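What you are looking at is a predicted structure, and each value in this text was computed from that prediction instead of being measured. When a ligand or atom number is given, it counts from 1 through the structure's own listing order.
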Amino acid sequence: MKMLKRMLEERKSQPRKEQSDFFDYVLEELQSKDTILTEAIALDLMFVLLFASFETTSLAITLAIKFLHEHPKALKELTEEHEAIIRRRENPSYGLTWKEYKSMKFTFQFINETARLANIAPLIFRKALKDINFKGYTIPAGWAVMVCPPAVHLNPAKYEDPLQFNPWRWEGIELNGASRNFMAFGGGMRFCIGADFAKVQMAVFLHCFVTKYKCELIKGGDIVRTPGLQFPNGYHIKISGKYD
Ligand code: HEM
């Protein structure tokens, strides 16, 4: 927040001739006459957008690499799926197509399992619009409700051996959208608007990663949840060409 505040001050004192990024648009909106934005809201907005769009996907991809490293069977199946996609191509040097993306069955299972265990949004908030009766208790209208997705994702009654990374558990299960048992991307009206984009990004990354590269662990990879997922000593890997 300190950094964003400093950037805001800098841009205010030295306005740029042309808008070049989202921050410039926020600044322009801040300076318009009828705006509902305040500086505090604008900074919160910038912070949350950076978190929602960048931090989430990069954390999920980091955890995905860790799972690939620790589960050779998953790496093998993922590699086979992607090598088969390339083999089926008319010209192997062509890029990925939408049809190929849609055919990635195991990849989607792998992404869902990674998102289930990542619990990147450990909490989401809702507000009771009317009195809600639940198991003999009443949540009065107007109260905030804190939904805790990990409580569902790590519930042994919903997921057998829940701490185990097992992408095969998703076989035959609907992998798009949200359900009461899977809310890694939220649910309902505030369902993550970037969910499909994030999945494309992860799938494209995995496609390139398993077909072109191999990786070696250097150090780190420990996980803490405070409550969000973090790698306190980083996750250092060495990536090299698979066929070099
Ligand atoms: C692995 C990646 C991601 C995960 C796990 C994730 C998770 C979530 C969750 C759980 C919510 C719901 C929050 C709530 O209900 O209060 C959410 C909302 C949101 N996400 Fe994502 N997200 C991811 C990637 C992205 C990306 C790549 C973008 C943008 C490019 C994005 C933009 C947003 C925005 C703007 C919202 C708020 C939607 C609203 O309130 O209507 N997310 N995300």
Give, for atom CD of Glu171 and atom CD of Gln109, the distance between the pair rounded to the nearest 0.5 Å.
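Spacing of CD (Glu171) from CD (Gln109) equals 5.0 Å.
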Between the side chains of Glu80 and Arg87, is the shortest nitrogen-to-carboxylate-oxygen separation below 4.0 Å, so that they form an ion pair?
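Salt bridge flag = no for Glu80 with Arg87.
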According to ring-ring contact (aromatic ring centres under 6.0 Å, His included), who are the partners of Trp143, at least two apart in sequence or on a separate chain?
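Trp143 satisfies ring-ring contact (aromatic ring centres under 6.0 Å, His included) with no residue once adjacent residues are dropped.
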Going by the rule salt bridge (Lys or Arg N to Asp or Glu O under 4.0 Å), which residues pair with Glu28 if we only count those two or more places apart in sequence or in a different chain?
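Once residues adjacent in sequence are excluded, Glu28 has no partner under the salt bridge (Lys or Arg N to Asp or Glu O under 4.0 Å) criterion.
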Would you mind listing every side chain to side chain donor-acceptor pair (under 3.5 Å) that reaches into residues 214-223, with sequence neighbours excluded?
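Every side chain to side chain donor-acceptor pair (under 3.5 Å) pair that includes a residue of residues 214-223, provided the two are not neighbours, is Asp222-Asn233.
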Identify the protein atoms, limited to N or O, that lie within less than 3.5 Å of an N or O atom of ligand 1, and list each pair with its distance to 0.1 Å.
residue: ligand 1; atom: 15 (O); partner: Arg126; partner atom: NH1; Å: 3.1
residue: ligand 1; atom: 15 (O); partner: Arg126; partner atom: NH2; Å: 3.0
residue: ligand 1; atom: 16 (O); partner: Arg126; partner atom: NH1; Å: 3.4
residue: ligand 1; atom: 40 (O); partner: Arg190; partner atom: NE; Å: 2.8
residue: ligand 1; atom: 40 (O); partner: Arg190; partner atom: NH2; Å: 2.8
residue: ligand 1; atom: 41 (O); partner: Arg190; partner atom: NE; Å: 3.0
residue: ligand 1; atom: 42 (N); partner: Ala52; partner atom: O; Å: 3.1

Thr138 side chain vs Pro140 backbone, donor-acceptor pair below 3.5 Å
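Not confirmed, Thr138 side chain does not pair with Pro140 backbone.
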